[in-house]
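Take a look at the structure set out below.
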Amino acid sequence: MTTHSETRVVPYPPELMFQVVGDVEKYPQFLPWCVGLRVLKRDHVKGREVLQAEMIVGYKGIREKYTSRVILDCEAMTISVTQTDGPFRVLENHWKFAAEDNGTKVDVSLAYEFRSRMLNMVAGVAFGRVYEKMADAFEGRAKKLFEQAQQ
């Protein structure tokens with residue numbers, strides 16, 4: 001299984017970062033390789049919003065679809081994602097947002113393993129670049145929304 005944890009401090013408010021990551025329906029507009037996303041179900045459980053979302057990712061000739069359970073905890077400023085159906089044996093992603101000076105400390109962790117040994121090998125080679133590009137996309141989206149709000 002491949003795991004990765006990272007902490008970034010970004011110059012945007014925690015509420016904005018939570019909004020950017022939690023607004024999964026907007027992912028196809030800015031997130032690389034996300035070619036489609038739809039929320040299949042939306043519930044509220046113990047003060048948290050719980051989504052069932054289906055995402056389609058694509059790169060060149062490869063397209064994969066998977067379904068995840070997304071838990072948005074606005075009070076704790078956390079977002080947890082776990083695959084419920086799809087090409088992964090394991091897919092978990094956890095976000096935590098905390099105020100930090102004039103911005104937000106973003107802690108993110110990711111663990112994944114594809115069911116296919118071939119996909120694991122291909123993904124492993126490109127993982128660093130893919131992860132960096134995705135993290136930059138979230139930050140870029142926050143910057144765009146922040147600048148729009150300032151106008």
Side-chain angles (χ1 to χ4, degrees), residues 1-59 64-114 119-120 123-124 126-151:
M1 179 166 31
T2 300
T3 61
H4 180 78
S5 295
E6 182 176 319
T7 298
R8 279 189 182 199
V9 177
V10 296
Y12 312 108
E15 298 78 15
L16 177 60
M17 294 308 300
F18 182 88
Q19 173 193 340
V20 167
V21 176
D23 193 2
V24 297
E25 291 163 304
K26 296 281 192 321
Y27 284 10
Q29 295 176 18
F30 71 92
L31 196 58
W33 308 292
C34 179
V35 296
L37 193 140
R38 65 186 177 128
V39 172
L40 305 173
K41 187 176 179 185
R42 188 180 302 266
D43 289 318
H44 290 277
V45 179
K46 298 181 183 177
R48 300 178 299 177
E49 189 172 10
V50 180
L51 310 175
Q52 182 180 8
E54 180 183 78
M55 180 186 272
I56 300 170
V57 293
Y59 180 73
E64 289 289 343
K65 176 171 62 172
Y66 65 94
T67 305
S68 295
R69 182 172 194 237
V70 181
I71 301 172
L72 306 166
D73 188 335
C74 187
E75 187 175 316
M77 295 297 285
T78 60
I79 298 172
S80 296
V81 181
T82 306
Q83 177 196 262
T84 57
D85 184 46
F88 296 93
R89 185 169 287 123
V90 174
L91 175 63
E92 295 181 4
N93 189 5
H94 302 281
W95 299 80
K96 180 159 182 58
F97 309 93
E100 173 94 9
D101 296 324
N102 293 328
T104 301
K105 179 175 137 183
V106 180
D107 290 309
V108 62
S109 64
L110 172 67
Y112 75 90
E113 180 179 353
F114 285 98
L119 280 176
N120 273 322
F127 178 76
R129 288 177 299 199
V130 168
Y131 184 84
E132 187 73 25
K133 199 164 178 110
M134 290 176 65
D136 289 346
F138 282 110
E139 192 171 340
R141 174 75 172 166
K143 178 181 181 187
K144 179 181 176 183
L145 294 175
F146 185 76
E147 289 172 349
Q148 287 174 349
Q150 300 301 308
Q151 296 176 352

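Considering only residues two or more places apart in sequence or on other chains, Ala135 meets the side chain to side chain contact (heavy atoms under 4.5 Å, CB included) condition with Arg8, Tyr131. For Pro28, the side chain to side chain contact (heavy atoms under 4.5 Å, CB included) partners are Cys34, Leu37, not counting sequence neighbours. In this view, Lys41 and Asp43 satisfy the salt bridge (Lys or Arg N to Asp or Glu O under 4.0 Å) rule, not counting sequence neighbours. For the side chain to side chain donor-acceptor pair (under 3.5 Å) test, no residue two or more places apart in sequence or in another chain qualifies with Arg48. Shown here are the side chain to side chain donor-acceptor pair (under 3.5 Å) partners of Thr104, two or more places apart in sequence or in another chain: there are none. With sequence neighbours left out, Thr7 forms a side chain to side chain donor-acceptor pair (under 3.5 Å) with Asp107. With sequence neighbours left out, the side chain to side chain donor-acceptor pair (under 3.5 Å) criterion links Glu54 to Arg38. Legend: residues meeting salt bridge (Lys or Arg N to Asp or Glu O under 4.0 Å) with Glu49, ordered by chain and number and at least two apart, are Arg42.
In this structure, Trp33 and Tyr27 have side chains that are not in contact, with every pair of non-hydrogen atoms separated by 4.5 Å or more. The shortest distance between side-chain heavy atoms of Phe114 and Leu91 does not fall below 4.5 Å.
One finds the CG atom of Asn93 at 7.5 Å from the CE atom of Met134 (value rounded to the nearest 0.5 Å).
Residue pairs meeting the side chain to side chain donor-acceptor pair (under 3.5 Å) criterion with at least one partner in residues 69-78, sequence neighbours excluded, are absent. Residue pairs meeting the salt bridge (charged side-chain N to carboxylate O under 4.0 Å, His left out) criterion with at least one member in residues 77-106, sequence neighbours excluded, are Arg89-Glu113. Listed by first then second residue, pairs satisfying side chain to side chain donor-acceptor pair (under 3.5 Å) with a partner in residues 141-151 number zero, not counting sequence neighbours.
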Which atom pairs, donor and acceptor, lie under 3.5 Å between side-chain atoms of residues 12-21 and protein residues at least two apart or in another chain?
none

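Pro87 approaches Tyr66 most closely through the heavy-atom pair CD-CB, 3.6 Å. Taking every heavy atom of both residues into account, Ala111 and Thr3 meet most closely at CB-CG2, 3.9 Å.
Test Gln52, Met55, Gln83 against Thr67 for side-chain contact (heavy atoms from CB on, under 4.5 Å) and you get one pass: Gln52.
Between Trp95 and Phe97, the ring-plane angle classifies as parallel under the 30° and 60° cut-offs.
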